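Structure, as C-alpha coordinates:
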Amino acid sequence: MFKELPAKKAYTLLESGPIVLVATSGPRGHNVMTMGFHMMVQHEPALVACVIGPWDHSYTALRESGECVISVPTVDLAEQVTRIGNCSGQDVDKFATFGLHALPASTVDAPLIKECIANLECQVADTAMVERYNMFILEVNKIWVDQSRRERRLIHHAGDGAFIVDGDTVDMRRHMTKWRYLMD
(Lines give C-alpha, C1' and ligand atoms only; values in the text may rest on other atoms or scores of the structure.)
Protein backbone atom coordinates (compact mmCIF):
# COMPACT_ATOMS: atom_id res chain seq x y z
CA MET A 1 0.00 0.00 0.00
CA PHE A 2 1.34 3.45 -0.94
CA LYS A 3 1.84 6.21 1.59
CA GLU A 4 1.39 9.76 0.36
CA LEU A 5 4.26 12.20 0.94
CA PRO A 6 4.14 15.97 0.55
CA ALA A 7 5.56 17.18 -2.79
CA LYS A 8 8.28 19.09 -0.91
CA LYS A 9 9.78 15.69 0.05
CA ALA A 10 10.60 14.78 -3.59
CA TYR A 11 14.29 15.30 -2.84
CA THR A 12 14.24 12.39 -0.38
CA LEU A 13 13.59 10.06 -3.31
CA LEU A 14 15.50 11.71 -6.14
CA GLU A 15 18.51 13.49 -4.63
CA SER A 16 20.58 10.64 -3.31
CA GLY A 17 23.96 12.31 -3.50
CA PRO A 18 26.82 12.09 -3.25
CA ILE A 19 27.16 14.91 -0.78
CA VAL A 20 29.97 17.21 -1.88
CA LEU A 21 31.92 20.12 -0.51
CA VAL A 22 32.17 23.29 -2.59
CA ALA A 23 35.31 25.36 -2.04
CA THR A 24 35.46 28.99 -3.12
CA SER A 25 37.95 31.79 -2.78
CA GLY A 26 37.15 35.45 -2.28
CA PRO A 27 38.44 38.64 -0.70
CA ARG A 28 38.06 37.11 2.79
CA GLY A 29 39.98 33.95 1.84
CA HIS A 30 38.87 30.38 1.26
CA ASN A 31 35.47 29.01 2.22
CA VAL A 32 33.78 25.64 1.96
CA MET A 33 30.13 24.61 2.08
CA THR A 34 28.27 21.31 2.07
CA MET A 35 26.00 20.72 -0.93
CA GLY A 36 23.54 17.98 -1.79
CA PHE A 37 21.57 19.64 -4.62
CA HIS A 38 23.60 19.01 -7.77
CA MET A 39 23.45 16.88 -10.89
CA MET A 40 25.35 16.07 -14.05
CA VAL A 41 23.98 17.93 -17.07
CA GLN A 42 26.15 16.52 -19.85
CA HIS A 43 29.33 14.53 -20.45
CA GLU A 44 31.39 16.68 -22.83
CA PRO A 45 32.10 19.30 -21.92
CA ALA A 46 31.39 18.01 -18.43
CA LEU A 47 28.67 20.25 -17.00
CA VAL A 48 27.29 20.11 -13.46
CA ALA A 49 24.21 21.98 -12.24
CA CYS A 50 24.21 23.03 -8.61
CA VAL A 51 22.01 25.09 -6.34
CA ILE A 52 23.81 27.63 -4.17
CA GLY A 53 21.56 30.37 -2.89
CA PRO A 54 22.19 33.90 -1.65
CA TRP A 55 21.71 32.62 1.92
CA ASP A 56 25.01 30.71 1.49
CA HIS A 57 28.22 32.64 2.13
CA SER A 58 29.75 30.86 -0.91
CA TYR A 59 27.15 32.37 -3.26
CA THR A 60 28.84 35.79 -3.40
CA ALA A 61 32.30 34.31 -3.93
CA LEU A 62 31.01 32.08 -6.75
CA ARG A 63 29.16 34.98 -8.40
CA GLU A 64 32.21 37.25 -8.19
CA SER A 65 34.98 34.77 -9.05
CA GLY A 66 33.07 32.51 -11.45
CA GLU A 67 34.92 29.46 -10.16
CA CYS A 68 34.97 26.81 -7.45
CA VAL A 69 36.17 23.33 -6.61
CA ILE A 70 33.70 20.52 -6.00
CA SER A 71 35.33 18.13 -3.54
CA VAL A 72 34.03 14.61 -2.91
CA PRO A 73 34.32 13.50 0.73
CA THR A 74 34.18 9.90 1.94
CA VAL A 75 32.30 8.47 4.92
CA ASP A 76 35.20 9.07 7.32
CA LEU A 77 34.50 12.80 6.91
CA ALA A 78 30.73 12.51 7.54
CA GLU A 79 30.69 14.39 10.84
CA GLN A 80 32.90 17.20 9.48
CA VAL A 81 30.73 17.44 6.35
CA THR A 82 27.59 17.73 8.48
CA ARG A 83 29.11 20.36 10.74
CA ILE A 84 30.41 22.36 7.77
CA GLY A 85 26.85 22.47 6.48
CA ASN A 86 25.55 23.77 9.79
CA CYS A 87 27.57 26.96 10.11
CA SER A 88 28.36 29.97 7.96
CA GLY A 89 31.71 30.88 6.47
CA GLN A 90 30.82 34.44 7.38
CA ASP A 91 31.28 33.51 11.05
CA VAL A 92 33.73 30.59 10.92
CA ASP A 93 36.99 29.77 9.16
CA LYS A 94 35.78 26.32 8.15
CA PHE A 95 39.16 25.07 6.93
CA ALA A 96 40.77 25.78 10.32
CA THR A 97 37.75 24.81 12.43
CA PHE A 98 37.22 21.44 10.75
CA GLY A 99 40.86 20.51 10.11
CA LEU A 100 40.78 20.74 6.33
CA HIS A 101 43.88 21.45 4.29
CA ALA A 102 43.64 23.69 1.22
CA LEU A 103 45.85 22.72 -1.71
CA PRO A 104 46.42 24.88 -4.78
CA ALA A 105 44.33 24.06 -7.84
CA SER A 106 45.78 24.41 -11.33
CA THR A 107 42.99 26.23 -13.22
CA VAL A 108 41.09 28.13 -10.50
CA ASP A 109 41.93 30.14 -7.37
CA ALA A 110 39.58 28.07 -5.18
CA PRO A 111 41.45 25.36 -3.29
CA LEU A 112 41.42 21.59 -3.56
CA ILE A 113 40.62 19.86 -0.26
CA LYS A 114 43.37 17.40 0.66
CA GLU A 115 41.12 15.19 2.80
CA CYS A 116 38.68 14.45 -0.05
CA ILE A 117 38.98 11.53 -2.43
CA ALA A 118 38.36 13.71 -5.49
CA ASN A 119 38.42 17.38 -6.44
CA LEU A 120 36.85 18.87 -9.56
CA GLU A 121 38.07 22.30 -10.67
CA CYS A 122 35.10 24.18 -12.13
CA GLN A 123 34.24 27.46 -13.80
CA VAL A 124 30.78 28.92 -14.10
CA ALA A 125 29.57 28.21 -17.64
CA ASP A 126 26.01 29.56 -17.43
CA THR A 127 24.15 31.79 -14.98
CA ALA A 128 20.82 31.96 -16.85
CA MET A 129 19.00 30.14 -14.03
CA VAL A 130 20.70 31.79 -11.06
CA GLU A 131 18.21 34.61 -10.55
CA ARG A 132 15.17 32.35 -10.76
CA TYR A 133 16.41 29.06 -9.24
CA ASN A 134 19.85 29.82 -7.67
CA MET A 135 21.19 27.24 -10.13
CA PHE A 136 24.69 27.57 -11.53
CA ILE A 137 25.91 25.49 -14.46
CA LEU A 138 29.58 24.65 -13.88
CA GLU A 139 32.06 23.29 -16.39
CA VAL A 140 34.58 20.84 -14.97
CA ASN A 141 38.10 21.74 -16.16
CA LYS A 142 40.24 19.24 -14.23
CA ILE A 143 39.68 16.32 -11.91
CA TRP A 144 42.09 15.13 -9.25
CA VAL A 145 41.59 11.73 -7.57
CA ASP A 146 43.57 10.56 -4.53
CA GLN A 147 44.16 6.92 -5.44
CA SER A 148 46.00 6.29 -2.17
CA ARG A 149 42.88 6.90 -0.04
CA ARG A 150 41.85 3.70 1.69
CA GLU A 151 38.31 4.88 2.46
CA ARG A 152 36.30 5.08 -0.77
CA ARG A 153 32.69 4.93 0.41
CA LEU A 154 30.78 8.09 -0.50
CA ILE A 155 28.04 9.79 1.50
CA HIS A 156 24.64 10.06 -0.20
CA HIS A 157 21.86 12.30 1.01
CA ALA A 158 18.62 10.46 1.78
CA GLY A 159 16.79 13.50 3.17
CA ASP A 160 15.64 14.63 6.58
CA GLY A 161 19.05 14.25 8.24
CA ALA A 162 19.66 10.71 6.99
CA PHE A 163 22.48 9.60 4.73
CA ILE A 164 23.21 6.41 2.81
CA VAL A 165 26.67 4.88 2.73
CA ASP A 166 26.99 1.95 0.32
CA GLY A 167 23.34 1.08 0.85
CA ASP A 168 23.27 1.50 4.63
CA THR A 169 21.13 4.37 5.95
CA VAL A 170 22.92 6.43 8.61
CA ASP A 171 20.86 8.82 10.74
CA MET A 172 23.32 11.59 11.67
CA ARG A 173 20.86 12.88 14.29
CA ARG A 174 21.93 9.99 16.53
CA HIS A 175 25.58 10.95 16.14
CA MET A 176 25.24 14.70 16.62
CA THR A 177 24.37 16.37 19.90
CA LYS A 178 25.41 20.04 19.86
CA TRP A 179 24.86 20.91 16.19
CA ARG A 180 21.81 21.70 14.09
CA TYR A 181 21.12 18.96 11.61
CA LEU A 182 22.14 19.52 8.02
CA MET A 183 18.72 18.95 6.49
CA ASP A 184 16.42 20.64 9.05
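Being a predicted model, the structure only gives us computed values, none of them experimental.
- In the hydrophobic clustering of ILVMFWY residues, with side-chain heavy atoms under 4.5 Å counting as a link, Ile143 and Met40 come out together.
- For the pair Glu79 (side chain) and Val81 (backbone), a donor-acceptor distance under 3.5 Å is absent.
- Here Trp144 sits in one hydrophobic cluster together with Val69, Leu103, Val108, Leu112; the rule is ILVMFWY side chains under 4.5 Å apart, joined directly or through other members.
- When all heavy atoms of His57 and Ser88 are compared, the pair lying nearest together is CB-OG, 4.0 Å.
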Verdict with reasoning, Glu67 to Cys122, per side chain to side chain contact (heavy atoms under 4.5 Å, CB included)
CA-CA 6 Å; Glu67 59 187 37; Cys122 302; over 6 Å; no
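- Two residues are said to be in side-chain contact when any heavy atoms from C-beta on lie closer than 4.5 Å; Arg63 and Val130 meet this criterion.
- Here the straight-line distance linking atom OH of Tyr59 with atom CD of Glu64 works out to 10.5 Å at 0.5 Å rounding.
- Note that OG1 of Thr127 and CG of Leu62 are 10.0 Å apart. Values are rounded to the nearest 0.5 Å.
- To the nearest 0.5 angstrom, His157 atom NE2 is 6.5 Å from Phe37 atom CZ.
- At least one side-chain heavy atom of Met33 sits under 4.5 Å from a side-chain heavy atom of Ile52.
- Considering all non-hydrogen atoms of both residues, Gly89 and Asn31 come closest at CA-OD1, 3.2 Å.
- To the nearest 0.5 angstrom, Arg152 atom CZ is 6.5 Å from Gln147 atom CD.
- For Gln42 (side chain) and Pro45 (main-chain N/O), a donor-acceptor pair under 3.5 Å exists by modelled atom type.
- Within the 3.5 Å criterion, the main-chain N or O of Thr82 finds a donor-acceptor partner in the side chain of Asn86.
- A distance-only check finds a donor-acceptor pair linking the side chain of Gln80 to the backbone of Phe98 [under 3.5 Å].
- Residue Asn134 comes nearest to Pro54 through the heavy atom pair OD1-CD, 3.2 Å, listed as atom of the first residue, atom of the second, then distance.
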List the atom pairs, with distances to 0.1 Å, where a side-chain N or O of residues 19-30 and a protein N or O form a donor-acceptor pair under 3.5 Å, not counting sequence neighbours.
from	atom 1	to	atom 2	distance (Å)
Ser25	OG	His30	ND1	3.3
Arg28	NH2	Gln90	O	3.1

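- One finds the CD atom of Gln123 at 15.0 Å from the CD1 atom of Ile137 (value rounded to the nearest 0.5 Å).
- Counting heavy atoms from C-beta on, the side chains of Cys50 and Leu138 come closer than 4.5 Å.
- Rounding to the nearest 0.5 Å gives a distance of 11.0 Å between OG1 of Thr97 and CZ of Arg83.
- Of the possible donor and acceptor atoms, none in the side chain of Lys142 sits under 3.5 Å from a partner among the backbone N and O of Glu121.
- A distance-only check finds a donor-acceptor pair linking the side chain of Asp93 to the backbone of Ala96 [under 3.5 Å].
- Side chain of Asp126 to backbone of Ala128: a donor-acceptor contact under 3.5 angstrom is found.
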Side-chain polar contacts of residues 71-78 - donor-acceptor pairs under 3.5 angstrom, sequence neighbours left out - could you list them?
from	atom 1	to	atom 2	distance (Å)
Ser71	OG	Asn119	OD1	2.5
Thr74	OG1	Asp76	OD1	2.3
Thr74	OG1	Arg149	NH2	2.4
Asp76	OD1	Arg149	NH2	2.9
Asp76	OD2	Arg149	NH2	3.0

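- Phe136 places none of its side-chain heavy atoms less than 4.5 Å from the side chain of Val48.
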